[in-house]
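Below: the structure, in structure tokens.
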Amino acid sequence: MAQVVLKDLAKKFDEVVAVRDVNLQIKDKEFIVLVGPSGCGKSTTLRMIAGLEEITSGEIYIGERLVNDLPPKDRDIAMVFQNYALYPHMTVYDNMAFGLKMRKFPKPEIETRVREAAQMLGIQELLNRKPRQLSGGQRQRVAVGRAIVRHPQVFLFDEPLSNLDAKLRVQMRVELKRLHDRLETTAIYVTHDQVEAMTLGDRVVVMKDGLVQQVGEPLTIYAKPRNRFVAGFIGSPAMNFIDCTVTGSNGTLAVNAPGGFLITVPPASRGSLERYRGQAVTLGIRPEDIRESGPGDPKDSQVDAVVEVVEPLGNEILIDVKVGPNPMVARVPPTSRLRMHERVRLSLDPERLHFFDSKTEQSIE
């Protein structure tokens, strides 16, 4: 296995800059996830690591080797694609063994590696079938198995679960996590699905417009997003944002917005918000940090709202509300009996508020 280092990596397609100034050190045996919306540069970055895309500038190291000018076959990587790219006329066994046969591995070693990978993935009984006889999940396992038998230094996954149905995606996420734990390999995984990123990655790299926005452990990024984009992209449902003005007197600060939205700034945030007194900021609050008000909730963190939509999900209920002109989503317990068009008083957890600069969109914290 090996670490992967990207230094000042950039890619241009004519005048379009797809990736710019990516600096990243991926540790040996780490599972790292590149996540972001379509067109953010994550797949292009992965393809440059694989050698499938020529880099415009920068350096890529796999292990101790600079691989900028090495062809893909000499980089000691294995890649799993979104479309499984199986040979339809070959059996599962021959699909998994094909790369080893092309590299002139001895037949006994090919047999051993294929059988071991099949056992690991639970597809031993499928080895004599053709791809057309397999389900989507089984084909995905075969594609992963074909990569495993290579024993590469680095695994590259390019949205490998996006063609699967929702239930199977959850199952395959768990299996990939177990597989990584068994193999102890370096893995780089690309997805647009932030749930996959949060559940799979040891660390997550959030990208937008070719730039890395934040790198960190999933829960760190969730709890302390660096900017408004990261805050809104990571988390489902997304964080609520309210454009506010910072006001205050007599040593206190508050943020207010049209429609009766007035929240006292908690002590932990007053120091950083003091310089914004009289200016516009953006308040962020996650749906799970909003609840129906109770008798003991502080009055200075409550707002009046009107329920617009109720979404029962079984284990929880999402309610879309309006606080004046401001739309918000709250996550409430399944015992809630709120109905559409009903007025409700909500409490915002004052310790879980986020504040962002309205111009730069960077976190004020």
Side-chain angles (χ1 to χ4, degrees), residues 1-6 9 19 22 24-53 60 62 72 75-85 117 120-121 136-137 139-148 150-164 166 168-208 212-222 230 233-234 236:
M1 303 311 112
Q3 70 171 359
V4 177
V5 178
L6 312 181
L9 194 64
V19 176
V22 172
L24 190 61
Q25 182 167 340
I26 302 163
K27 303 168 191 172
D28 183 27
K29 301 179 183 178
E30 184 175 28
F31 197 124
I32 198 158
V33 180
L34 309 183
V35 66
S38 297
C40 72
K42 56 189 185 297
S43 288
T44 300
T45 300
L46 194 77
R47 289 174 61 84
M48 286 191 284
I49 296 171
L52 301 176
E53 201 73 68
I60 301 173
I62 298 178
R75 297 193 180 196
D76 200 7
I77 53 96
M79 193 161 182
V80 180
F81 296 92
Q82 178 178 347
N83 57 345
Y84 316 124
M120 199 177 298
L121 294 165
R139 292 180 193 180
Q140 187 60 72
R141 287 186 182 89
V142 174
V144 172
R146 182 176 55 192
I148 289 174
R150 292 269 314 279
H151 295 181
Q153 290 194 82
V154 182
F155 282 105
L156 305 178
F157 296 92
D158 190 8
E159 305 208 36
L161 308 185
S162 58
N163 288 343
L164 305 180
L168 195 52
R169 288 178 75 165
V170 173
Q171 180 184 339
M172 284 300 296
R173 281 207 310 263
V174 174
E175 292 186 13
L176 282 175
K177 194 78 171 178
R178 286 176 180 157
L179 189 62
H180 178 255
D181 184 62
R182 282 186 69 178
L183 295 176
E184 295 187 324
T185 54
T186 305
I188 306 172
Y189 188 103
V190 160
T191 181
H192 64 275
D193 186 334
Q194 56 91 20
V195 176
E196 279 183 24
M198 293 286 288
T199 53
L200 283 173
D202 297 324
R203 284 191 301 154
V204 175
V205 180
V206 184
M207 297 184 69
K208 178 192 177 191
V212 172
Q213 302 293 311
Q214 188 170 354
V215 182
E217 295 179 2
L219 292 181
T220 300
I221 287 180
Y222 186 81
V230 174
F233 190 83
I234 299 296
S236 180

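Side chains are part of it too, since the values below use all heavy atoms of this structure and drop only hydrogens, waters and symmetry mates.
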Euclidean distance, Q213 CD relative to F233 CZ, rounded to 0.5 Å: 11.0 Å
So, do M198 and Q194 sit near enough that their side-chain heavy atoms are less than 4.5 Å apart? yes
Between T185 (side chain) and K29 (backbone), is there a donor-acceptor pair under 3.5 Å? no
Please give me the minimum heavy-atom distance between A2 and Q153, naming the atom from each residue. CB-OE1, 3.0 Å
What one should report as the nearest heavy-atom pair of T191 and A197 is CG2-N, 4.1 Å
For the CZ atom of F157 and the NE2 atom of H180, what is their distance to the nearest 0.5 Å? 8.5 Å
Describe, in one word, how the ring planes of Y189 and F31 are oriented to each other, choosing from parallel (under 30°), tilted (30 to 60°) and perpendicular (over 60°). tilted
So, using salt bridge (charged side-chain N to carboxylate O under 4.0 Å, His left out) as the criterion, who are the partners of R141 when residues are at least two apart? E175
With a 4.0 Å cut-off, would you call D193 and R169 a salt bridge? yes
Rounded to the nearest 0.5 Å, what separates atom OG1 in T44 from atom CG in L34? 11.0 Å
Check the surroundings of atom CD in E217: do more than 12 heavy atoms from other residues, nucleotides or ligands lie under 6.0 Å from it? no
Calculate, to the nearest 0.5 Å, the distance between atoms CD1 and CZ belonging to I221 and R203 respectively. 9.5 Å
Considering all heavy atoms of both residues, which atom of I148 and which atom of M120 are nearest to each other, and what is their separation? CD1-SD, 4.5 Å
What's the separation between atom SG in C40 and atom NE2 in H192, rounded to the nearest 0.5 Å? 11.0 Å
Hey, does V154 have a side-chain heavy atom less than 4.5 Å from the side chain of I188? yes
Please name the pair of heavy atoms, one in T45 and one in M207, separated by the smallest distance, quoted to 0.1 Å. OG1-CE, 3.9 Å
Nearest-0.5 Å distance that lies between atom CG in L161 and atom CG in L168: 8.0 Å
Closest heavy-atom contact between E159 and S43? OE2-OG, 4.5 Å
Residue pairs, two or more places apart or on separate chains, that pass salt bridge (Lys or Arg N to Asp or Glu O under 4.0 Å) and touch residues 35-48: R47-E53
Has R75 got a side-chain atom pairing as donor or acceptor with I49's backbone, closer than 3.5 angstrom? yes
Looking at every heavy atom in both L52 and P72, which two are closest together, and how far apart are they? CD2-CG, 4.0 Å
